[in-house]
Amino acid sequence: MASRKNSSNSVVGALTTPKEESSPRRARLANSIIFGILGAVFATWAVRIPAVSSALSLSEGDIGIALLGLAIGSIIGLITSGILVSHYGGQHVIRGGLAVYSLTLVVIALADGLAMLVGVLIVFGFGKGLIDVAANAQGVRIEQSYSGQIMGSFHALFSGGGLVGAGLGAVATSLDLSVKTHFVLVGASFLTIGVVATLWLYPKDPDTDTGPTVTLPSRKLIGFCAIGFCALFIEGVGNDWSAVFLETSAHASATIAALGFAAFSLTMMVGRFLADWIVDWVGPTQFIRLTAAVAATGVAVTLLAQPVLSLIGFGILGLGLAGIMPVALSLAGNFDPDSPTEPAIAAVSTAGYAGFAVGPVAIGLIAETTSLRTAFVPALGLAVLIVVFSGIVPTITHTSRDSETTA
């Protein structure tokens, strides 16, 4: 394993100028920025869902259909990214994904009906999916140069970006900025920052297999995929429905509704920064079990449907979900040192976004026939399933594989 990493690092140094730009620390900083942008752009859309919904006179069921388009686009992007990263390297894929992701954000504001919104969100999700796999694959490569797990810190920056995006959304709402103006400012700014950051990412490793990367998950990956599905299904509650729930079910103001996503993102960020340390302390299996219980508690508090309590509930939910997906991705990408990471990352990510695909539609349809509060109840059952699936995943630790490497 050490020889593989040393070969990769030497190739990276030869292909970038100056050489130090491809150092693990610079690559980590660049990838952290990419994760932050990924979260900020998504949050920009999420906190303005009520405004877009109102402008187009959408029902809760319509919102679920629109979010299905987003999830379908994300899944297509995830699968496509696994292939493209294998052939061209994550650096190029992230650049292309940033262009699609940021520019499509602007087009969302131009949608004149549900059909156009669904079509635009498919493309928006496609851009997000391209970046997602490529950035996580970069994260696994960078993590291999460190003595412990660092994947949680990357995902923390996704949540941090979500916090920034939610904060900007609250400001835009309070200033009565139009959705179009808001999205243009955010899209242009983060596209520029992201393209500059990609200069420090690792280029493609010539030793990486460029064969087909679309395969069925191996038996050992099934547990990771199941955890990813459940975790992102529940995460959709915070990402896609927090603002809508607070404004409709909890009867909060539009500004407070936007802060619901901010609370969720803040605790996700804090939890993910702590996740790497906690995993080293209690082990990955126990970590997933404990945090799934915390997530279930967050859903229960949110269901009280009072502005302040529901705001706190979304915060608890974010804290519980924070480290589940990063830990699953890190273990999936590292458990087989002789296999490329992209197929494993793509498999777990795709399963996760399948949860995103099912979740928004299920929540929207249940809410349409009952209430949004009732639609949140299945998230409790999925939290229990995460505990069950945590017992069937390999418990290989990052440090045991990387004892021969240095930061």
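Contact check for K128 versus L78: no side-chain heavy atoms found under the 4.5 Å cut-off. Looking at N136 and F154, their side chains never come closer than 4.5 Å, going by heavy atoms from C-beta outward. At a threshold of 4.5 Å between non-hydrogen side-chain atoms, the residues L98 and F190 do not count as touching. Two residues are said to be in side-chain contact when any heavy atoms from C-beta on lie closer than 4.5 Å; H155 and L329 meet this criterion. Counting only heavy atoms from C-beta outward, the side chains of I75 and I79 approach each other to under 4.5 Å. M268 is not listed as a side-chain neighbour of F314, based on a closest heavy-atom distance of 4.5 Å or more. L290 places none of its side-chain heavy atoms less than 4.5 Å from the side chain of V294. The shortest distance between side-chain heavy atoms of L232 and E235 falls below 4.5 Å.
A pairwise comparison of heavy atoms in V93 and S81 identifies CG1-OG, 3.7 Å as the closest pair. Of all non-hydrogen atoms in M151 and V140, the two that sit nearest each other are CE-CG2, 3.4 Å. Residues L311 and I256 approach most closely at CD1-O, 4.2 Å, considering heavy atoms. C225 approaches A347 most closely through the heavy-atom pair SG-O, 3.8 Å. The nearest pair of heavy atoms linking A134 to V85 is CB-CG2, 3.7 Å. Among all heavy-atom pairs drawn from T198 and Q91, the shortest one is O-NE2, 2.8 Å.
Atom OG1 of T267 and atom CZ of R272 lie 10.0 Å apart (nearest 0.5 Å). A distance of 13.0 Å separates CD1 in I386 from CZ in R289, rounded to the nearest 0.5 Å. The OG atom of S53 sits 10.0 Å away from the CG atom of L114 when rounded to the nearest 0.5 Å. Atom CG of residue L157 and atom CD1 of residue I37 lie 10.5 Å apart, to the nearest 0.5 angstrom. Atoms CE and CZ, on M269 and F264 in that order, are 13.0 Å from each other to the nearest 0.5 Å. With rounding to the nearest 0.5 angstrom, the CD1 atom of I63 is 13.0 Å from the CG atom of L70.
Side chain of S330 to backbone of V327: no donor-acceptor contact under 3.5 angstrom is found. Between the side chain of D132 and the backbone N or O of G129 there is no donor-acceptor pair closer than 3.5 Å. The closest donor-acceptor contact from the side chain of Y101 to the backbone of L38 lies under 3.5 Å. Put simply, the side chain of E368 gets close to the backbone of G61: a donor and an acceptor are under 3.5 Å apart. Within the 3.5 Å criterion, the main-chain N or O of A367 finds no donor-acceptor partner in the side chain of S371. Distance alone, capped at 3.5 Å, places no donor-acceptor pair between the S54 side chain and the P50 backbone. No donor-acceptor pair closer than 3.5 Å links the side chain of S86 to the backbone N or O of G82. Although no hydrogens or angles enter the test, the distance criterion places a donor-acceptor pair under 3.5 Å between the side chain of S153 and the main chain of I150. Side-chain atoms of S390 come within 3.5 Å of backbone atoms of V387 as a donor-acceptor pair (strictly under, hydrogens ignored). With hydrogens and angles ignored, the 3.5 Å screen pairs no side-chain donor or acceptor of T374 with any backbone N or O of T370.
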- Apply the test side-chain contact (heavy atoms from CB on, under 4.5 Å) to residues F389 and C230: give CA-CA distance (whole Å), side-chain angles for both, the deciding distance (0.1 Å), then the verdict. CA-CA 10 Å; F389 290 130; C230 294; 4.1 Å; yes

- Show your reasoning for whether side-chain contact (heavy atoms from CB on, under 4.5 Å) applies to F183 and V107. CA-CA 9 Å; F183 285 7; V107 183; over 6 Å; no

- Message: Run Y202 and N31 through side-chain contact (heavy atoms from CB on, under 4.5 Å) and show every step you take.
- Response: CA-CA 9 Å; Y202 286 161; N31 209 42; over 6 Å; no

- Task: In sequence, state the C-alpha distance, the side-chain angles, and the governing distance for K204 and Y88, and then conclude on side-chain contact (heavy atoms from CB on, under 4.5 Å).
- Result: CA-CA 6 Å; K204 181 180 181 298; Y88 304 108; 5.5 Å; no

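Below 30°, between 30° and 60°, or above 60°: for F376 and F245 the angle between ring planes is below 30°, a parallel geometry. By the 30° and 60° cut-offs, the orientation of the rings of F229 relative to F233 is tilted. Below 30°, between 30° and 60°, or above 60°: for F42 and F124 the angle between ring planes is below 30°, a parallel geometry.
Counted by atom type alone, R28 and S23 present zero donor-acceptor pairs between their side chains at under 3.5 Å.
The neighbour count for F273 CZ, taken as heavy atoms of other residues, nucleotides or ligands under 6.0 Å away, is above 12.
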Check: residues 164-177 side-chain donor-acceptor pairs under 3.5 Å, at least two apart:
from : atom 1 : to   : atom 2 : distance (Å)
T173 : OG1    : G169 : O      : 2.8
S174 : OG     : A170 : O      : 3.3
S174 : OG     : V171 : O      : 2.8

